[in-house]
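Notes to accompany the following structure.
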Amino acid sequence: MSEAGAQTVTRTLVALHGNFASSRWWVDLRDGPPGGWRVRAPDLPGFAGTPHAGPVSVAGYADWVQDWLRTQGVKRPVLLGHSLGGAVALEVAARDPQALAGLVLAASAPLTGLVTPEENYPVLELLRSAPPLLEASLGALFPSGRPANFRDLLADGANMAPAHYSGNARALAAWQVDAARLTGLPALVLGGELDRLITPDMVRAQAAALGVEAVILPGRGHGFPQEDPAALRTLLEGFLDTLPAS
């Protein structure tokens, strides 16, 4: 096998989706992976049919991801996490930074957690039974235009486990990670200029805590991985090219 072929097999980017989402958020990235890398994108527990049991927590998701990586034989991947998936990626990274080759945060939940105002929880529960409200809420993530597979994304959001509607917000409010545990791990921190959930200031604070510069995509929102997959790929390729071969 050639050296290039070996890299294609062994260098892996694992993409973790966010709340009300699924692996289909990464369809463009999987269809056109960065050169020399393969992209794996699991559906987290309680999403897109993956079974979920027990309390909803970031630590529980991280346990599942670590088990999944072992089962799949994936060693020293780069973890890419969007929103809730960013918190999961951070939790996995903080447990064993040496087990990863790098970390990419895309509109990630802050390292200090994300508190949802108490008055918003009834709305989260209402999303379970109000399809127009769910469609409007997900549509707002894409201020520059809904992606071509929006209906697929909407279907996956509607099929989330019932406990997750409030549970994921509670989990993010209860979670935080110590940035000092991530020292030395190469990181890329991305955000959307028009993101009202994870604002540019939050993204810059994440980047500062990790000792890197934030990249804010102009004219994009919380859903920028779907809004502008070409820009995401370009940024990823630039970052991945800086990483030493595993």
Side-chain angles (χ1 to χ4, degrees), residues 4-5 7-44 47-50 61 65 68-69 72-90 92-93 100-109 138 141-157 186-193 195 198 203 206 214-243 246:
Q7 286 191 352
T8 300
V9 172
T10 60
R11 292 169 68 80
T12 306
L13 174 69
V14 175
L16 305 177
H17 63 79
N19 200 13
F20 293 92
S22 74
S23 59
R24 289 201 275 199
W25 273 68
W26 308 113
V27 60
D28 293 291
L29 189 58
R30 288 187 298 179
D31 288 347
W37 291 76
R38 65 176 178 177
V39 175
R40 303 292 301 276
D43 292 305
L44 295 174
F47 298 90
T50 301
Y61 288 134
V65 168
W68 182 87
L69 291 172
Q72 299 295 315
V74 177
K75 297 180 180 179
R76 297 205 75 238
V78 171
L79 281 190
L80 160 60
H82 176 250
S83 197
L84 169 67
V88 178
L90 281 163
V92 172
L100 303 180
L103 179 67
V104 181
L105 302 178
S108 170
L138 290 184
L141 303 182
F142 310 106
S144 67
R146 294 179 177 182
N149 68 337
F150 179 76
R151 286 295 161 186
D152 291 336
L153 306 184
L154 184 61
D156 288 339
L188 173 65
V189 181
L190 308 172
E193 179 189 30
D195 191 343
I198 306 297
V203 174
Q206 294 170 28
V215 179
I216 307 298
L217 280 74
R220 307 303 185 205
H222 191 66
F224 72 81
Q226 280 280 336
E227 284 182 276
D228 199 344
L232 175 63
R233 178 191 165 101
T234 297
L235 291 166
L236 280 173
E237 287 181 335
F239 173 68
L240 297 174
D241 284 348
T242 69
L243 302 179
S246 300

Exercise. Once you round to the nearest 0.5 Å, how far does CZ of R11 lie from CZ of R76?
Worked result: 9.5 Å

Problem set entry | Closest non-hydrogen atom pair, A41 against R30 | CB-CD, 3.9 Å

For this session: Please check if the distance between the ring centroids of F142 and W25 is under 6.0 Å.
Result: yes

Seminar exercise, completed: For H222 and H82 the tightest heavy-atom approach is O-NE2, 2.7 Å

Problem set entry | Minimum heavy-atom distance between W26 and L80, given as atom pair plus value | CZ3-CD2, 3.7 Å

Problem set entry | Distance-minimising heavy-atom pair for L153 and L138 | O-CD1, 4.2 Å

Exercise. Step by step, would you call S144 with D228 a side-chain contact (heavy atoms from CB on, under 4.5 Å)?
Worked result: CA-CA 9 Å; S144 67; D228 199 344; over 6 Å; no

For this session: Compare every heavy atom of G86 with every heavy atom of L105, then report the nearest pair and how far apart it is.
Result: CD2-O, 3.9 Å

Problem set entry | Any side-chain heavy-atom pair of F20 and L141 under 4.5 Å | no

Exercise. Which atom names give the shortest non-hydrogen contact between L29 and V39, and what distance separates them?
Worked result: O-CG2, 3.9 Å

Exercise. Do P42 and V14 come close enough that some side-chain heavy atom pair is under 4.5 Å?
Worked result: yes

For this session: Check whether any side-chain heavy atom of L236 lies under 4.5 Å from a side-chain heavy atom of V78, and answer yes or no.
Result: no

For this session: Check the pair E237 / L240 against side-chain contact (heavy atoms from CB on, under 4.5 Å), numbers first and verdict last.
Result: CA-CA 5 Å; E237 287 181 335; L240 297 174; 5.8 Å; no

Exercise. After noting the C-alpha distance and the side-chain angles of L44 and V65, does the key distance pass the side-chain contact (heavy atoms from CB on, under 4.5 Å) rule?
Worked result: CA-CA 8 Å; L44 295 174; V65 168; 3.8 Å; yes

Exercise. Is there a side-chain contact (heavy atoms from CB on, under 4.5 Å) between L243 and W37 once you walk through the steps?
Worked result: CA-CA 12 Å; L243 302 179; W37 291 76; 4.3 Å; yes

